[in-house]
Amino acid sequence: MNNLTELANKLLGDGTATKVIGYEEAHGKTRPCFCTEAADTGRLVLDERCTNNIAVYLTKPEIVGGHKVAVTATLPVLRTMVQLAMENQLPDGTTAIVSTESGEGLAVLPTVGDMERVVAGTPLDISGKERELRERLKAMSREERWQFWLGEMSRCIKCYACRAACPLCYCTRCIVDNNCPQWIQPWASPLASMEWQISRVMHMAGRCVACGACKQACPMGIPIHLLTLSLAEDIQNEFGVAPGSVMDHGNVLSTFKPGDKEDFIR
Amino acid sequence: MSKIGVFICHCGENIGATVDCAKVAEAAASMEGVAFATDYKYMCSDPGQTLIKNAIREHRLDGVVVGACSPRMHEPTFRKACAEAGLNPYLCEIANLREHCSWVHPKGDDTTEKAIEIVHGLVEKVRRNSPLTPIHVPITKKALVIGGGIAGIQAALDIANCGHKVILVEKEPSIGGHMSQLSETFPTLDCSQCILTPRMVEVAQHPNITLYTYAELDSLSGFIGNFEAKIRLKAKSIDESLCTGCGLCTTKCPQKKIPSEFNAGLGRRTAIYVPFPQAVPNKPVIDKEHCTHYRTGKCGVCEKVCPTHAIRFGQEDRIINEQVGAVVVTTGFNVLGTDFFPEYGYGRYADVITGLQFERLASASGPTLGEIRRPSDGKVPEKVVFIACCGSRDPAKGIPYCSKICCMYTAKHAMLYQHKVHGGESYVFYMDIRAGGKNYEEFVRRAIEEDHVNYVRGRVARIYEKEGKLIVKGVDTLLGATPVEIEADMVVLATAGVSNQGSEELAQKLHISYDPYKFFAEAHPKLRPVETNTAGIFVAGACQAPKDIPETVATASGAAAKVAALFSQPDLVREPLVAVVNRSAPPVFSTCVGCFMCQTACPYQAIEREEIKDRSGKVIKVVAKVNPGLCQGCGTCVAFCRSKSIDLQGFSNQQMFAEVEALLETTN
Amino acid sequence: MSNKNIYLPYLMRIEKITDEAPGVKTFRLAFEDKAEGEAFNFRAGQFAEYSAFGEGECTFCIASPPTRRGYVECTFRRAGRVTTGLAKLEEGDTMGFRGPFGNSFPIEQWQGKNLLFVAGGIALPPMRCVIENALDMREKFKDITIIYGAKSVGDLVYKEKLKEWEARPDVNMVTTVDPGGETPDWKGKVGFTPTVLEQVAPSSDNTVAVVCGPPVMIKFSFPVLEKLGFKDTDIYTTLENRMKCGLGKCGRCNVGKMYVCKDGPVFTKAQLNGLPPEY
Amino acid sequence: MENLHITNGQLAQWLDDMRRDGLRIFAPVAQGGKTDFKFLAEGDTVAEDYVQTAQSAKRIVLPMAEVLFSYRKHGKDIEVANPGTDRFNDTIIWKARPCDARAMRQVAEVFTRDYDDAIFEARRSHTTIVAFSCNTCDDCCFCTSVGGSPGGTEGSDILVTTLTDGGGALVEVLTPKGEGLAAKYLAGAARADGIDKQAHLADVRVLFSADEVRAKLDGAFDSPVWQEQSERCLGCGACAFVCPVCTCFDIQEDAHGARGRRIRCWDSCGFSMFTQHTSGHNPRPTQAARWRQRILHKFSYIPEKLGEAGCTGCGRCSRACPVDMNISEHLKAIAGHE
Amino acid sequence: MSNDNNSAFEPRIIAFVCNWCTYAGADLTGTSRIKYATNVRIVRFPCTGRIDFLLLLKAFASGADGIIVSGCHPNDCHYTSGNFHARRRWMVFRSLLDTLGIDTRRIRYSWVSAAEGAKWADLVNDTVATIRELGPYNEYKKVADYLGKEAGDE
């Protein structure tokens, strides 16, 4: 029995949790799984292959209703949990299980405060391929960017996998399902898809933890995470709020500073 | 709405000469949902209004667009007319064809076309209007005044004299505030206590005023007309009903070396004390921090000597609840201490004092009985230097603002010194003399010209002690930055007026905003100077910014008038143009998901949490709810809400969306 | 291969609007194209898709009976975008109509039997069609009993029809409102519809029952009927699943092996027993 | 109908010729890390190395969004414009998979039963499907479990089987439409003789029996299996939108003032809003109920009508699913469920 | 991207303004009889804080060539902070639009107080001139009419 299984069993056993949301291995990848009893926990894994953001389940009454939940949290998942807590969406008594910094051991974070401390000590770093893509996009002319995104948006099939996979898209009724007025055309077309993405990204402003779940979920391979990443970076530059960090009060868009920049206002 | 009436006003020539009004009406008649359209010379005239009313009745109109002057002009007129004809007034919209069209464009097809499009936009908007009814909020006609200085006293008396109950809360053992500490007041030099004391007594005796001294606000909840205040009555350790205020305890108390707050640290008081002889109420409190009994369990002299057995050592703080309809915040200000100024000795030199301390020296009730004697050795100073703008107007000290009162009181201090110490020499170092106010400039001139106070324009760089003298080194900028050095016996610093201790905490309890210096912020600096952004909470006096007595009293009376106006209504009637969080049938209840980000965006604390429960009382979800008593209808929350669960009545998403699309429709 | 665009609605002129209850209206619609109107046939129980141009399509039954030709009527409650759009229309305005769709009440098979109609609230319209159809051929049926209930007096729809039916000697008309929903001058019964049904206790002998109403009313009425001895094959109701196309294509109203828009909306209780409870 | 044997050069030439003639060709192209169908434009290269396109070619006959009719309001009158069916152009779907071609039949069944959908019919009649047999497959493929084959001809107008030994391709001309195309572009091609097509096909393992699944599903409505399987399902529409068989659609309004259009657009039974009434009542309120509907519809309800599963085993849903809702794994479980 | 046919092109501009400052300022422009271009259509909002970013997109989709968003100067907001919230929203929104390649030059943000009648006229004239120079926003309009053009083909 590995450490994770042991720990999960302990939490299930001592009543800390009645359901563990974690990852299991399947088809050469990992995927989310749910354990409610010791017999289930043997399949739990937690390593760098775990890329789904399973915090998405924390806002689903069907999953968490009537349960005390423990989540085996990767860093993006943990960031999400802290953000969810700030938005009153983290179910009471939710516990996080994380790998310790060395990667060897496991730690239990029983409170949001504990989670915040871990998150605060691990700032987000946008690098590698994402950085490259972002730089490439920046280097384009405006017209080129428009053509680039128009091309990408033309491939969108409006399946809303980006919405479904995003743990911070938890609205009871999404704006696209609101037809009074019909803010966004409900069918797939470049404009409707672009308007949807603009809405999604604006709604993510200052909230997105840059986990990349949206991109990973997109069956068409549209790099929509570039939009949230770009915005997150701009917000960090402008307001000093880093993606994945939590403001103690409100949100980037629900607060302001009297001295905010206004060089674009004439 | 689909029986819209459109009424195009010529406004005489004002619109008619530029816009083809008949054509606009004709175009409007063919718009979807329009049942009736006409034009008329003067819609706002009686016949014009009658025309609208008749059309509403005759065509059973369910919406009206009046194309006329700015809605800021006649929207109320036309809405009233609609109401008189039985149409909900909020189903009437005004198309601005004058200020936004005929007056700014030349006569021509483009202008008429624009007028048609403006009308079209509003027709599409009004088709989505909903009938609204004004919001009635009940009012508890009792006011809470926080702070018993002159501002609080004035506000309490004014409100009480209007026949309303007032609760006045003061954190010190006596009301009176800073004004009771002052000697004479500028520019009349009348005795501060002489004019204040009668007001203090009036407060104590007023049947409409309940006075709580040695008390502080614990918390405030609710909203305009309906606040609940929790007030902490700190334990005075006496039974006030038994105490006669004879003062025997204070004379017998063995702890006599406590610096007196009232005397700004220049005098001493006992542990059981009345802050000053004219205190209201004139009953002592025990300062637990210094009392031997509280510290060691011994002593108890006061208890023994008290003839009425009024001492209560076991007394505890008490919290009382008061329902009030309005709150006036008059918590005043403070002055910086001398220790704030390294260049002037960090407060180490006993004879470098603040202006407030000088007031006590000059006061007949002060520690020197009104004689100017220096604190260190009690000698009468022969040379006194007054330094204005100590801290004020000094961004480096973090106080860029002007403390406003210092110029005047410094002139007064110098003048009082000259009056009391004949042959004495006084110097005032200043940056600018700001003496705006009735008889103020004359007062300063009198100090200079009649009392021969030496005004030196320049900064003092340093003060140091040398052989019992304070060496004041500065420059005279009017003499080409000539260095000036004065051997003074005493230096008085006009230290900056700053916000009172705990003001930030209080602001947070009250949900009112404050500026970077923690002075409370008014709702509008010009037009709403005594209101805060939280409806029903008013501010007055120096808690907003340093103010002199006349201004303090004026704002206090202003705030009182606002309270009286609020209380003069049977209930509070508000425009229904407020935000609303949607509600629907189970199982959805509301599309609000309860993230409460809207709460952080609302400038008015108008968004509350509502628990939605099932039949058994179990909470199913917690959603936002707008308190219509507090909401001012700015709509910031509406634009912020991700799921569009909040909408603004009168400017709803559907209305604005339709108006925008309609204004652009002809291009499609 | 037919070249007809099956999504294209008939254009209908609104001839008459009746306010039935708060938020509830009845439209009488006439075909813009007279020839289309003359060729139009339907059966009691069928439904149609009604368009408010600019808002979309919405599904409700045809409320007028097929025996009265030249017009169709529909009754709806203002709820979502489309019904709100419809409610804004005025007499003389044009709207769209696509239908008739679905199956119907087998009214021919009921000849010679007693008929019991139990309806609640806004569900009287689908019933009205079959009631009037039956009344128009009154001699073919035995006793006709109508039990109709609503939340309050104000919520009763078809107030004129109710009076008309009440006045007929050959109809046993019972109206009821939920407790608390009565007005001082209310002369009908007070009580929930299933309860009143139990009180009235119509005989199940040689009787078919048609039950239309909100899910909760149906849920409580079925056991009462069962207790009264009605067989599942003699109890009819209509399902109101969400629909879009009405043509058995869009997939929305699929319940088990049925498409409510094509195989329904009329089902017997016996049929419902074989369907997953997804309605 | 005949079978032809063409060289690799001829195969390439065929495509080149059609492109040169300006035909509308809908073919797999690598884009954004995925291979998907698109109308070939100047410079596009038809993808070679891939198992399956992200989407099926379904949108040629059932676009993601299409205008059903348009209208204009004039006061109280409405003028409706039927866009007609003569606006469509001939389209060749190049390199469809046999599973896609087979799915077309099921899609067509929906739009032609009871009421003929003229718009759909017109689109379909303008479409020619040139399918390519699968030489390779992956773990998500399971056409053989649902009655299909990597070399199945059903639904195709022409089926091309590239020969794995590099010896060109077998071209099976299956319909008159296919014949027309072959006559024009493969006029000189040799007749195929003795080619063992089977030898060149991918080996798609049979994972379960569709009949067994169907039999199990008959009494499975209340089974806990739905809850178990769907727990991780996120409720997005990716599976339905990439599915070659799914046809659920929505009818929506595109209205701007006096003008408007009625639009048909894709929808999915996986969305919670799909069945939700205006009142908020939802006959399928949980993801478990929606997952059950998806499986029952494809493997129980459709077989009842068509005699075969509403699934051709293309495996796209499994590949597209962000949380690995692997359909064959679930079906295997159902087949083995007691 | 300039337009060959600029002289014939009349930009369609829609202005989103707050009731208390800019709307009143535009009223003052009228009262002062200062003339400006007819191209602008004003939509009145209680506060800039109320203006939804989607409404701006809707304006472009409906055929606007340019947009003005204007409200109270900082610290002058009738509701204290609506304009501050709006300012943040527009900062973030602009950055996103720019990432997407939407032409942010076509959205003009301004503060116009109730006393700045002349500034309003200048703002409108200036915006009209800018948009005239940029030409019609065909890029966006073309995409907006996707169903009419491309989907019919598919």
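As the structure is a prediction and not an experimental result, all values here were calculated from the model. Every chain is numbered from 1, with letters handed out A, B, ... down the list of sequences. Both backbone and side-chain heavy atoms feed into the values below; hydrogens, waters and symmetry mates do not.
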Salt bridge check, Glu117(B) against Arg41(E): does any charged N sit closer than 4.0 Å to a carboxylate O?
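The answer is yes: the pair qualifies as a salt bridge.
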
Would a 4.5 Å heavy-atom cut-off, applied to side chains only, mark [X] and [Y] as touching?
X: Arg44(E); Y: Pro71(B); result: yes
X: Lys644(B); Y: Asp52(E); result: yes
X: Ser81(E); Y: Pro603(B); result: yes
X: Tyr604(B); Y: Thr80(E); result: yes
X: Lys35(E); Y: Trp103(B); result: no
X: Val660(B); Y: Ile14(E); result: yes
X: Thr636(B); Y: Arg89(E); result: yes

A quick test of your reading: do over 12 heavy atoms of other residues, nucleotides or ligands sit less than 6.0 Å from NZ of Lys562(B)?
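No.
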
Using heavy-atom distances under 4.5 Å, tell me whether [X] contacts chain B through its side chain, its backbone, both, or neither.
X: Ile34(E); value: backbone
X: Trp20(E); value: both
X: Tyr23(E); value: both
X: Ala37(E); value: backbone

Please flag which part of Arg98(B) lies under 4.5 Å from any non-hydrogen atom of chain E: side chain, backbone, both or neither.
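Nothing of Arg98(B), per the 4.5 Å heavy-atom cut-off to chain E.
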
Based on non-hydrogen pairs under 4.5 Å, which of [options] is most in contact with chain E?
options: Asn14(B), Leu577(B), Thr111(B), Asn96(B); answer: Asn96(B)
options: Met656(B), Lys526(B), Glu659(B); answer: Met656(B)
options: Glu99(B), Met73(B), His105(B); answer: His105(B)

Minimal non-hydrogen separation, [X] against [Y], with atom names:
X: Ser652(B); Y: Arg50(E); result: C-NH2, 3.4 Å
X: Thr38(E); Y: Lys114(B); result: O-CD, 3.6 Å
X: Cys634(B); Y: Pro46(E); result: O-CG, 3.8 Å
X: Ala639(B); Y: Gly49(E); result: CB-O, 3.2 Å

[X] side-chain N/O to [Y] backbone N/O, donor-acceptor pair under 3.5 Å:
X: Arg12(E); Y: Leu663(B); answer: yes
X: His85(E); Y: Ala601(B); answer: yes
X: Arg72(B); Y: Asn19(E); answer: yes

Got a second to check how far Cys47(E)'s SG is from Phe651(B)'s CZ, nearest 0.5 Å?
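It comes to 11.0 Å.
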
Quick one: which residue pairs count as a salt bridge (charged side-chain N to carboxylate O under 4.0 Å, His left out) with a foot in residues 118-127 of chain E, not counting sequence neighbours?
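As it turns out, the salt bridge (charged side-chain N to carboxylate O under 4.0 Å, His left out) pairs with a partner in residues 118-127 of chain E, which skip direct neighbours, are Arg108(E)-Asp126(E).
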
Option that, when pairs with chain B are counted at under 4.5 Å, heavy atom only, ranks first among Asn39(E), Val40(E), Leu28(E), Asn75(E):
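Looking at each of Asn39(E), Val40(E), Leu28(E), Asn75(E) in turn, Val40(E) comes out on top.
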
